[in-house]
Amino acid sequence: DIQMTQSPSSLSASVGDRVTITCRASQGISKYLAWFQQKPGKAPKSLIYVASSLQSGVPSRFSGSGSGTDFTLTIISLQPEDFATYYCQQYYSYPLTFGGGTRVEIE
Amino acid sequence: EVQLVESGGGLVQPGGSLTLSCAVSGFTFSNYWMSWVRQAPGKGLEWVANIKQDGSEKHYVDSVKGRFTISRDNAKNSLYLQMISLRAEDTAVYYCARGSSARNVGPFDYWGQGTLVTVSS
């Protein structure tokens, strides 16, 4: 199974900050990586697919990069509605696996 | 508008069974891979199973193989997850999620609101 490791597991930031979350795969997954945002008590929301493509309706302050084993999600100018938990997920091979999540909290 | 609505969750005793449903609308269901993803209380996301557009291909996470069965009825625009021999560790919110319209599984784009399954005596 491909293990997905996110770092940090949590971070504190302020509105307007630039935030970067890292996701590392235990083996190469090309660009078959997605990012999701989840707020408490809500379903996940899809943000990014194939490592860097934004889902429809996702603000351009979100961006993704990487390929192979190392990926990043960047939020430039963090907004109040961005405080949430973020998950990466590989869909390169079965079983499909998620990272452990990164909680973005208000500083 | 794309909508996925899960139902069928509830309280079940260990060893019991339950069938979840996901009713979809707003898109051509038969064109898409579909998945079930679960989230135990306070924990992260775990993919459970998926099924190809025509039902010809199904995949499961090891922990549910032999106990869970994913199926779909394209005429009814519905996805199902039959769960037997339930264990306490199956307690979670279960989400259905839409995958790709391509030949391969692809990323999830839309999710339902989830249905809670509690396995407890």
Side-chain angles (χ1 to χ4, degrees), chain A residues 1-10 21 23 25 29-58 62 64 66-67 71 73 84-104, chain B residues 1-7 9 20 22 24 26-27 32-52 57-65 68 70 92-116:
Chain A
D1 298 4
I2 297 176
Q3 309 302 320
M4 305 300 293
T5 303
Q6 286 183 235
S7 60
S9 57
S10 66
I21 298 169
C23 178
I29 59 170
S30 185
K31 290 194 170 188
Y32 295 104
L33 183 102
W35 289 97
F36 304 93
Q37 176 194 67
Q38 188 180 33
K39 297 181 180 179
K42 300 295 186 181
K45 173 186 176 183
S46 301
L47 298 177
I48 287 171
Y49 61 104
V50 291
S52 60
S53 295
L54 259 60
Q55 291 281 1
S56 175
V58 174
F62 291 90
S67 67
F71 301 86
L73 172 70
T85 299
Y86 294 85
Y87 295 92
C88 62
Q89 181 237 337
Q90 66 81 19
Y91 51 97
Y92 179 80
S93 70
Y94 290 106
L96 310 183
T97 47
F98 289 87
T102 296
R103 184 175 178 182
V104 177
Chain B
E1 179 191 7
V2 171
Q3 287 194 319
L4 297 84
V5 180
E6 301 94 337
S7 61
L20 307 182
C22 173
V24 313
F27 65 99
Y32 289 85
W33 282 85
M34 296 296 297
S35 279
W36 287 98
V37 177
R38 67 184 179 183
Q39 186 169 38
K43 303 297 184 183
L45 300 169
E46 180 184 37
W47 170 79
V48 173
N50 70 357
I51 184 169
K52 197 173 182 177
E57 193 174 326
K58 304 176 185 180
H59 300 271
Y60 300 89
V61 69
D62 280 352
S63 60
V64 308
K65 283 180 181 175
F68 289 12
I70 190 171
V93 174
Y94 285 74
Y95 297 100
C96 62
R98 191 179 84 167
S100 164
S101 60
R103 184 172 61 88
N104 297 318
V105 61
F108 306 140
D109 56 1
Y110 288 94
W111 298 66
Q113 85 290 348
T115 188
L116 175 62

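Since this is a predicted model, take the numbers as computed values, not measurements. First the proteins, then the strands, lettered A, B, ... as listed; each starts at 1.
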Cut-off 4.5 Å, heavy atoms of chain B, and the answer for Phe36(A) is side chain
side-chain contact (heavy atoms from CB on, under 4.5 Å) filter on Ser93(A), not counting sequence neighbours, yields Ile2(A), Gln90(A)
Pair count under 4.5 Å, heavy atoms only, with chain B: among Gln89(A), Gln38(A), Lys45(A), highest is Gln38(A)
Most heavy-atom pairs under 4.5 Å with chain B, out of Ala43(A), Pro44(A), Gly41(A), Ala34(A), belong to Pro44(A)
Has [X] got a side-chain atom pairing as donor or acceptor with [Y]'s backbone, closer than 3.5 angstrom?
| X | Y | result |
| --- | --- | --- |
| Glu6(B) | Cys22(B) | no |
| Gln6(A) | Cys88(A) | yes |
| Ser35(B) | Asn50(B) | no |

Of the backbone (N, CA, C, O) and the side chain (C-beta and beyond), which part of [X] lies under 4.5 Å from a heavy atom of chain A, both, or neither?
| X | answer |
| --- | --- |
| Phe108(B) | both |
| Val48(B) | neither |
| Gln39(B) | side chain |

Residues pairing under salt bridge (charged side-chain N to carboxylate O under 4.0 Å, His left out) where one sits in residues 87-102 of chain A, two or more places apart or in two chains, turn out to be none
**Request:** Specify whether Tyr95(B) and Trp111(B) have parallel, tilted or perpendicular ring planes, treating 30° as the upper limit for parallel and 60° as the lower limit for perpendicular.
**Result:** perpendicular
Students often mix this up, so state it plainly: with edges at 30° and 60°, are the rings of Phe27(B) and Tyr32(B) parallel, tilted or perpendicular?
perpendicular
Sorted by chain and residue number, the ring pair (Phe, Tyr, Trp, His ring centres under 6.0 Å) partners of Tyr87(A) (sequence neighbours excluded) come out as none
Expected contact set for residues 97-106 of chain B against chain A at heavy-atom separation under 4.5 Å reads Val105(B), Gly106(B)
Exercise. Check whether the ring centres of Trp47(B) and Tyr91(A) lie less than 6.0 Å apart, and answer yes or no.
Key: no
